[in-house]
Student: 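Structure below; questions to follow.
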Protein chains: 2
Amino acid sequence: MDVEKLKQMLEAKGIRPTFQRIKILEYLLTQKETHPTADEIYEVIHSQMPTLAKATVYNTLNTFVRHGIASVLMISGEEARYDPVVEPHPHFFCVKCKRVFNIQSAPIDDKCLNLKEIEGNKIFEVHVYFRGICKECLKKSS
Amino acid sequence: MDVEKLKQMLEAKGIRPTFQRIKILEYLLTQKETHPTADEIYEVIHSQMPTLAKATVYNTLNTFVRHGIASVLMISGEEARYDPVVEPHPHFFCVKCKRVFNIQSAPIDDKCLNLKEIEGNKIFEVHVYFRGICKECLKKSS
DNA sequence: ATGGATGCAAAGTGTTTGCAGCCAG
DNA sequence: CTGGCTGCAAACACTTTGCATCCAT
């Protein structure tokens with residue numbers, strides 16, 4: 001992706017567009033479906049940029065989340081996963097292959113996912129996920 | 001609660017009813033609303049039973065979860081919380097006071113919470129929670 | 001030259017594991 | 001007597017922190 005555009009995305013949120021941050025954002029944007037962990041992100045970028053420290057990856061991802069550029073998924077006690085899509089949407093977590101993927105057809109309406117208040121409590125985020133075994137793993141084991 | 005009844009609950013699930021396990025189950029059942037962490041459970045029971053080890057609490061809770069006597073809630077990267085209610089139900093997590101409580105009126109129907117399959121994937125559990133600031137904390141800060 | 005960002009290592013937190021001793025069946 | 005459970009400490013995985021260095025303004 002165009003580096004200029006990435007820079008602008010960061011600056012638009014008041015984040016200084018350093019080389020590391022641009023790289024991490026770029027990688028994240030190529031991974032809208034896979035919800036990579038901090039470690040995966042570190043491994044991929046570190047291989048092209050051996051000076052990158054893992055702490056920088058964590059710091060950067062936290063910065064992104066705080067500024068609304070990414071969202072973090074905490075599923076079933078697994079490692080945190082990062083998603084460049086910040087709109088709430090349901091996920092499926094496969095306990096066999098550990099993949100996390102989006103579910104398009106969950107019988108939950110947007111009204112619920114975008115609730116801002118419930119029983120007097122103020123809502124920041126609505127998290128919905130299904131835990132089970134994915135189609136592919138079901139096939140393999142049968 | 002009646003110790004005999006607790007023993008029977010454990011035996012019915014094929015769990016040997018040791019003293020520690022009975023105590024932990026008893027405490028859990030008094031806490032259907034508060035969703036205690038392993039540490040809270042440890043602190044409370046350890047104070048009446050100083051030989052209890054934390055590892056035993058973790059082992060026991062894992063045993064309970066594996067046998068369907070309790071469920072575990074993993075919320076937003078916080079510590080695991082345990083719930084003697086195994087039926088799926090939505091929760092609210094307050095980022096200020098860190099309480100986790102049940103939400104009765106979430107606009108999600110039981111059909112969704114009890115889904116067993118979606119897009120070809122087999123579902124074990126449906127997790128729904130809201131993250132935000134609770135009524136009480138809103139009052140305090142205003 | 002000033003403040004923020006990075007790299008590195010160390011610390012921290014929550015959880016699991018290995019193993020010896022113990023208890024109940 | 002035997003297997004499973006407990007207690008303890010050490011190991012573990014993931015994440016955060018402290019600090020010196022570096023870089024861009």
Side-chain angles (χ1 to χ4, degrees), chain A residues 3 6-7 10-11 13-25 27 35-43 45-67 69-82 93 95 98 100, chain B residues 3-4 6-8 10-11 13-25 27 35-67 69-82 93 98 100:
Chain A
V3 174
L6 295 167
K7 271 196 192 181
L10 292 170
E11 280 168 346
K13 298 281 184 174
I15 304 175
R16 206 155 88 183
T18 66
F19 187 55
Q20 300 56 359
R21 288 171 174 180
I22 291 171
K23 278 298 188 189
I24 292 172
L25 177 58
Y27 180 70
H35 313 90
T37 62
D39 197 62
E40 280 164 42
I41 297 168
Y42 168 74
E43 289 299 339
I45 302 182
H46 181 257
S47 72
Q48 317 150 16
M49 188 182 172
T51 62
L52 180 73
K54 202 175 241 187
T56 300
V57 175
Y58 277 106
N59 289 340
T60 301
L61 291 170
N62 286 344
T63 303
F64 286 1
V65 173
R66 240 178 294 117
H67 288 78
I69 268 192
S71 61
V72 57
L73 271 58
M74 302 294 323
I75 296 217
S76 290
E78 301 285 312
E79 311 130 88
R81 289 162 179 278
Y82 297 87
F93 170 66
V95 300
K98 311 284 184 191
V100 171
Chain B
V3 174
E4 271 315 309
L6 295 166
K7 272 196 189 179
Q8 283 167 24
L10 292 170
E11 281 167 346
K13 298 280 184 173
I15 304 175
R16 206 155 87 184
T18 66
F19 187 55
Q20 298 57 357
R21 289 171 174 179
I22 291 171
K23 276 298 186 191
I24 292 172
L25 177 58
Y27 180 68
H35 313 90
T37 63
D39 197 62
E40 280 165 41
I41 297 169
Y42 168 74
E43 289 300 339
V44 169
I45 303 184
H46 181 257
S47 71
Q48 316 149 17
M49 189 181 171
T51 63
L52 180 74
K54 203 175 238 186
T56 301
V57 174
Y58 277 106
N59 289 340
T60 300
L61 290 169
N62 285 344
T63 304
F64 286 0
V65 172
R66 241 179 292 117
H67 287 79
I69 270 193
S71 61
V72 58
L73 271 59
M74 302 293 324
I75 296 217
S76 290
E78 301 285 312
E79 312 131 87
R81 289 161 179 278
Y82 297 87
F93 171 65
K98 312 286 183 187
V100 172

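Since the model is a prediction, treat every value here as computed from it, not as a measurement. Below, chains carry the letters A, B, ... as their sequence lines are ordered, and counting in each starts from 1. Quick note: numbers below take in every heavy atom, side chains included, and nothing from hydrogens, waters or symmetry partners.
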Student: Using a 3.5 Å cut-off and no angle test, enumerate the donor-acceptor pairs between side-chain atoms of residues 53-66 of chain B and protein atoms at least two apart in sequence or in another chain.
Tutor:
| unit_1 | atom_1 | unit_2 | atom_2 | d |
| --- | --- | --- | --- | --- |
| B:Lys54 | NZ | B:Asp39 | OD1 | 2.5 |
| B:Asn59 | ND2 | B:Ala55 | O | 3.3 |
| B:Thr60 | OG1 | B:Thr56 | O | 2.7 |
| B:Thr63 | OG1 | B:Asn59 | O | 2.8 |

Student: Please report the interatomic distance OH(A:Tyr82) to CG(A:Leu25), rounded to the nearest 0.5 Å.
Tutor: 14.5 Å
Student: Whole angstroms only, please: what is the CD-P distance between A:Glu79 and D:dT16?
Tutor: 13 Å
Student: Applying side-chain contact (heavy atoms from CB on, under 4.5 Å), name anything that partners B:Glu11, two or more places apart in sequence or on another chain.
Tutor: B:Pro17
Student: Taking the nucleotide of DNA chain C with the nearest heavy atom to each, does A:Ala53 or B:Tyr82 sit closer to the 5' end?
Tutor: A:Ala53
Student: Show me the protein contacts with nucleotides 1-5 of chain D, counting only N or O atoms at under 3.5 Å.
Tutor:
| unit_1 | atom_1 | unit_2 | atom_2 | d |
| --- | --- | --- | --- | --- |
| D:dC5 | OP1 | B:Arg21 | NH1 | 3.1 |
| D:dC5 | OP1 | B:Arg21 | NH2 | 3.4 |

Student: Going by side-chain contact (heavy atoms from CB on, under 4.5 Å), B:Lys23 matches just one of B:Val44, B:Leu6, B:Val3, B:Ile45. Which one?
Tutor: B:Ile45
Student: Does A:Val72 form a side-chain contact (heavy atoms from CB on, under 4.5 Å) with A:Arg81? I'd like the steps, not just the answer.
Tutor: CA-CA 6 Å; A:Val72 57; A:Arg81 289 162 179 278; over 6 Å; no
Student: First and last nucleotide of DNA chain C in contact with chain B, 5' to 3', at under 4.0 Å to a heavy atom: what are they?
Tutor: C:dG14 to C:dT17
Student: Residues in ring pair (Phe, Tyr, Trp, His ring centres under 6.0 Å) with B:His46, at least two apart?
Tutor: B:Tyr42
Student: Kindly indicate whether the side chain of A:Thr37, heavy atoms from C-beta on, has any atom under 4.5 Å from the side chain of A:Glu40.
Tutor: yes
Student: Return the minimal non-hydrogen interatomic distance between A:His67 and A:Lys13, and the atom names on each side.
Tutor: CD2-O, 3.2 Å
Student: Looking only at heavy atoms, what is the nearest atom pair of B:His35 and B:Val100, with distance?
Tutor: ND1-O, 2.9 Å
Student: Is any side-chain heavy atom of A:Met74 closer than 4.5 Å to one of B:Glu78?
Tutor: no
Student: CD of A:Glu78 versus C1' of D:dA13: gap in Å, rounded?
Tutor: 11 Å
Student: Need one value for A:Thr51: base, sugar-phosphate or nothing, where a base atom within 4.0 Å counts as base even if backbone is also close, heavy atoms only.
Tutor: sugar-phosphate
Student: Would you say A:Arg21 and A:Ile15 make side-chain contact, with heavy atoms under 4.5 Å?
Tutor: yes
Student: Let's see if you get this right: which residues in residues 57-65 of chain B place a heavy atom under 4.0 Å from DNA chain D?
Tutor: none
Student: Please state how far atom CD in A:Glu43 lies from atom C1' in D:dA13, giving the value in whole angstrom units.
Tutor: 14 Å
Student: In whole Å, I'd like the distance from the CG atom of A:Asp39 to the P atom of D:dT16.
Tutor: 14 Å
Student: Expressed in angstrom and rounded to an integer, what is the separation of A:Glu40 atom CD from D:dT15 atom P?
Tutor: 11 Å
